[in-house]
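Below is one structure, written out as structure tokens, with a few remarks after it.
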Amino acid sequence: PRARAAPQERRRRVAPLAAAPPARDEPLLRGIFEIDKRSCDVVLSARRLRWSPILPESPTGDSSVALQAQEEMIEMKDVFSVKLKRRRFAGQKKGGTLLGITIFKCLNKEENKLTDCAVHLNNLSEDHCQSWFRHLKEILNGFQNRPKSLKVFVNPSSHKKEATHIYYEKVAPLFKLADIKTDVTVTEYEGHALSVLKECELQAFDGVVCVGGDGSVSEVAHGLLLRAQIDAGKDTDYVSKPVRAPVPLGVIPAGTTNILAHTLYGIKHAVTAALHIIMGHIQAVDVCTFSTPSKLLRFGFSAMFGFGARTLALAEKHRWMPSSQRKDFAFIKTLADLKPEECELSFLPLQILQEDSHEDRITLLYLGSKDQWQKIQGHFLNVSIMAIPCLCSMAPRGLAPNTRLNNGSMALIVVQNTSRSEFIKHLKRYTSVKNQFNFPFVETYTVREVKVQPRLKSGPDAKENVCLNAEGNYPWNIDGDLMKEASEVHVRVHPQLIDLYGVNTDDLESSQVTCNCI
């Protein structure tokens with residue numbers, strides 16, 4: 001019997017080695033904790049934490065009992081914080097009776113929403129818990145993109161003045177839980193964030209966060225990129241080849257439209273945005289430069305000239321009104337006074353050479369010769385230039401659904417003169433899933449550069465220069481911020497110029513874009 005048993009024992013010892021998992025999944029620790037009032041066998045590896053209830057052996061050898069001991073698991077990449085759990089008396093801030101370990105994880109819910117949840121591993125042994133705590137912290141510290149220190153800007157005037165409440169009640173507790181140090185500036189005037197970014201020690205932070213609306217985010221993004229050019233010794237009056245932003249930018253939505261947040265996260269949800277930042281979900285995003293022939297105006301993601309800019313200009317004149325009423329009034333008033341503006345558009349087109357839907361791969365050809373500049377001139381109700389899709393609750397497909405966050409192109413959308421009723425039909429299409437460009441008066445182009453040159457009228461027709469303000473400037477809506485400029489505006493797209501915290505709703509990880517320059 002001994003001789004026959006030996007080979008069986010050897011097979012039992014060898015079998016687990018033959019089925020050994022990859023190195024990253026090899027057990028680091030194994031122990032017993034109480035989870036959900038059940039004693040569990042818990043195994044920790046670099047990749048995941050697994051546990052299963054410890055069940056008494058069945059005296060009859062019934063296998064149905066073993067089936068009830070189903071294993072549960074947490075992927076370590078979803079964990080963002082680990083804390084020692086202690087019982088403390090009222091007023092006691094340190095020490096206390098050790099109860100175990102609490103693990104905080106990021107949980108995906110419906111409609112792109114993220115939330116946090118806790119798993120409690122109870123064990124009263126100090127040495128046991130300290131050993132597990134150290135190993136768990138080492139694993140979390142190994143995730144490279146997760147920030148340890150953030151510079152935060154809060155715009156208290158955004159939308160319904162909710163930004164301060166949103167940050168301190170919903171976001172700051174999560175940052176503290178994740179052991180992220182923060183330096184907070186509550187902005188006091190327009191341009192405050194820009195001034196701080198020009199002077200602060202950016203190298204002390206792993207990222208910058210903006211709590212506010214589209215205008216606030218645009219200002220911070222512009223400040224980050226402007227600071228990058230200054231640090232690189234570049235002339236900020238003319239930037240043909242800008243350098244990348246030094247740190248990623250996080251967006252906590254607290255405005256009215258929140259286009260960038262919707263485009264990044266697919267939802268306006270402060271906790272979702274905060275968890276993307278904590279988890280270090282980073283992606284590169286294209287940025288535009290808006291320039292006159294003599295100076296750089298702004299870095300930005302999107303712009304509108306014509307109806308979209310005039311609506312914003314009128315809304316800014318009625319700042320005394322509540323936010324939603326002001327924007328509704330400006331929209332209706334501008335629509336009632338709808339008039340086209342004559343201008344000349346010059347652009348460098350990008351041609352799609354290949355689009356493989358199976359591999360989700362797009363190849364773009366840059367027609368870079370000066371002879372390839374195309375021009376159109378006429379009377380236009382609105383001109384949109386967008387480097388990102390610009391999703392929002394009012395435009396679920398996006399204002400520019402044919403572009404992406406980082407494919408090195410811009411969408412040029414031109415709405416020619418038409419009747420008010422037809423223009424309203426076009427605007428209504430944005431709120432549905434129908435194609436808003438399927439009108440004879442709407443033209444779309446995929447471009448790399450655009451020049452917009454307004455044509456001033458003189459004599460009896462001068463009063464038709466509806467875009468001009470008292471100073472003779474034309475309004476521009478750049479990322480929800482009003483800018484006024486009298487001369488030609490040159491817009492260029494610069495691929496992947498800034499990193500943003502967030503997950504693209506188009507799933508950038510599976511998409512590959514190749515830009516060929518000729």
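Smallest separation of non-hydrogen atoms from D499 and A284: OD1-CA, 3.4 Å. Considering every non-hydrogen atom in both D214 and T257, the closest pair reads OD2-CB, 3.7 Å. Scanning both residues, K451 and W373, for their nearest heavy atoms gives CE-CH2, 3.8 Å. The shortest heavy-atom contact between I166 and P253 is CD1-O, 4.1 Å. In terms of heavy-atom proximity, V208 sits nearest to L150 at N-CD2, 4.4 Å. L297 and H222 get closest at one heavy-atom pair: O-CE1, 4.2 Å.
Taking the charged nitrogens against the carboxylate oxygens, R404 and D286 have no contact shorter than 4.0 Å, which rules out a salt bridge. Between K151 and D183 there is a salt bridge, since at least one side-chain N of the basic residue sits less than 4.0 Å from a carboxylate O of the acidic one.
Side-chain N or O atoms of R420 include one that pairs as donor or acceptor with a backbone N or O of L335 at under 3.5 Å. E219 contributes a side-chain N or O that, together with a main-chain N or O of L194, makes up a donor-acceptor pair within less than 3.5 Å. Distance alone, capped at 3.5 Å, is enough to place a donor-acceptor pair between the R429 side chain and the N435 backbone. When atom types are taken as modelled, the side chain of N108 and the backbone of L114 share no donor-acceptor pair closer than 3.5 angstrom. Of the possible donor and acceptor atoms, one in the side chain of K234 sits under 3.5 Å from a partner among the backbone N and O of K241. For the pair T187 (side chain) and Y189 (backbone), a donor-acceptor distance under 3.5 Å is absent. Put simply, the side chain of D206 gets close to the backbone of K148: a donor and an acceptor are under 3.5 Å apart. A donor-acceptor pair is defined here as one N or O able to donate and one able to accept, closer than 3.5 Å; no such pair exists between the side chain of R227 and the backbone of A245. Side chain of D116 to backbone of C106: no donor-acceptor contact under 3.5 angstrom is found. In this structure a side-chain-to-backbone donor-acceptor pair under 3.5 Å is present from H269 to T272.
Side-chain atoms of T289 and H494 include a donor-acceptor pair closer than 3.5 Å. Using a 3.5 Å distance cut-off with no hydrogens or angles, the side chains of R298 and S218 do pair a donor with an acceptor. Looking only at atom types and distance, the side chain of S419 has a donor-acceptor partner in the side chain of S421 under 3.5 Å away. There is a side-chain donor-acceptor pair under 3.5 Å between H490 and E449. Side-chain contact of N258 with T256: a donor-acceptor pair under 3.5 Å is absent, judged by distance alone.
Residues F347 and I385 have side chains not in contact (no heavy-atom distance under 4.5 Å, counting atoms from C-beta outward). Residues Y167 and V184 have side chains in contact (heavy-atom distance under 4.5 Å, counting atoms from C-beta outward). In this structure, V442 and V414 have side chains that are not in contact, with every pair of non-hydrogen atoms separated by 4.5 Å or more. When side chains are defined from C-beta on, F153 counts as touching L197, because their heavy atoms get closer than 4.5 Å. A 4.5 Å side-chain heavy-atom check between F423 and F439 finds every atom pair outside the cut-off. With contacts defined as side-chain heavy-atom distances shorter than 4.5 Å, the pair H192/T185 qualifies. A heavy-atom distance below 4.5 Å is not found between the side chains of D481 and W476. Annotation: side chain of S409 is in contact with side chain of T403 (closest heavy-atom distance under 4.5 Å).
Checked options E344, E341, E342; the residue passing with R455 is E344 (criterion: salt bridge (charged side-chain N to carboxylate O under 4.0 Å, His left out)). A side chain to side chain donor-acceptor pair (under 3.5 Å) with Q436 holds for exactly one of R397, H426, K428; it is R397.
In this structure, the separation between CD1 on I282 and CD1 on I277 is 10.5 Å, given to the nearest 0.5 Å. The CG atom of N406 sits 10.5 Å away from atom CG of L500, with the distance rounded to the nearest 0.5 Å. Distance CZ/F305 to CE/M483: 14.0 Å, rounded to 0.5 Å. In this structure, the separation between CG on L391 and CG on L260 is 11.0 Å, given to the nearest 0.5 Å. Here S81 contributes atom OG and K105 contributes atom NZ; the two are 14.5 Å apart, rounded to the nearest 0.5 Å. Within the model, atoms CG of N407 and CG of N402 stand 10.5 Å from one another, a figure rounded to the nearest 0.5 Å.
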| task | Would you sort out whether V415 and F380 count as a side chain to side chain contact (heavy atoms under 4.5 Å, CB included), showing the intermediate values? | result | CA-CA 6 Å; V415 182; F380 307 117; over 6 Å; no
| request: Evaluate the criterion ring-ring contact (aromatic ring centres under 6.0 Å, His included) for residue pair F331 and F307; output intermediate values, then yes/no. | output: CA-CA 9 Å; F331 178 83; F307 177 81; 5.7 Å; yes
| Run the side chain to side chain contact (heavy atoms under 4.5 Å, CB included) check on V247 and F205 step by step: do they pass? | CA-CA 8 Å; V247 293; F205 304 104; 5.6 Å; no
| query | Between I278 and Y501, is a side chain to side chain contact (heavy atoms under 4.5 Å, CB included) present by the stated rule, with each step listed? | reply | CA-CA 9 Å; I278 291 169; Y501 290 109; over 6 Å; no
| From CA spacing to verdict: side chain to side chain contact (heavy atoms under 4.5 Å, CB included), V220, L249 | CA-CA 8 Å; V220 174; L249 170 62; 3.7 Å; yes
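Both tests do not hold together for R326 against F329: distance to the six-membered ring centre under 6.0 Å, angle to the ring axis within 45°.
Y430 and F437 have perpendicular rings, their planes meeting at more than 60° on a 0 to 90° scale where under 30° would count as parallel.
Within the structure, no pair that satisfies the ring pair (Phe, Tyr, Trp, His ring centres under 6.0 Å) test touches residues 232-251, not counting sequence neighbours.
Note: H276 and Y265 meet the aromatic proximity criterion, with ring centroids under 6.0 Å apart.
Taking a 6.0 Å sphere around CD of Q203, one finds it holds more than 12 heavy atoms contributed by other residues, nucleotides or ligands.
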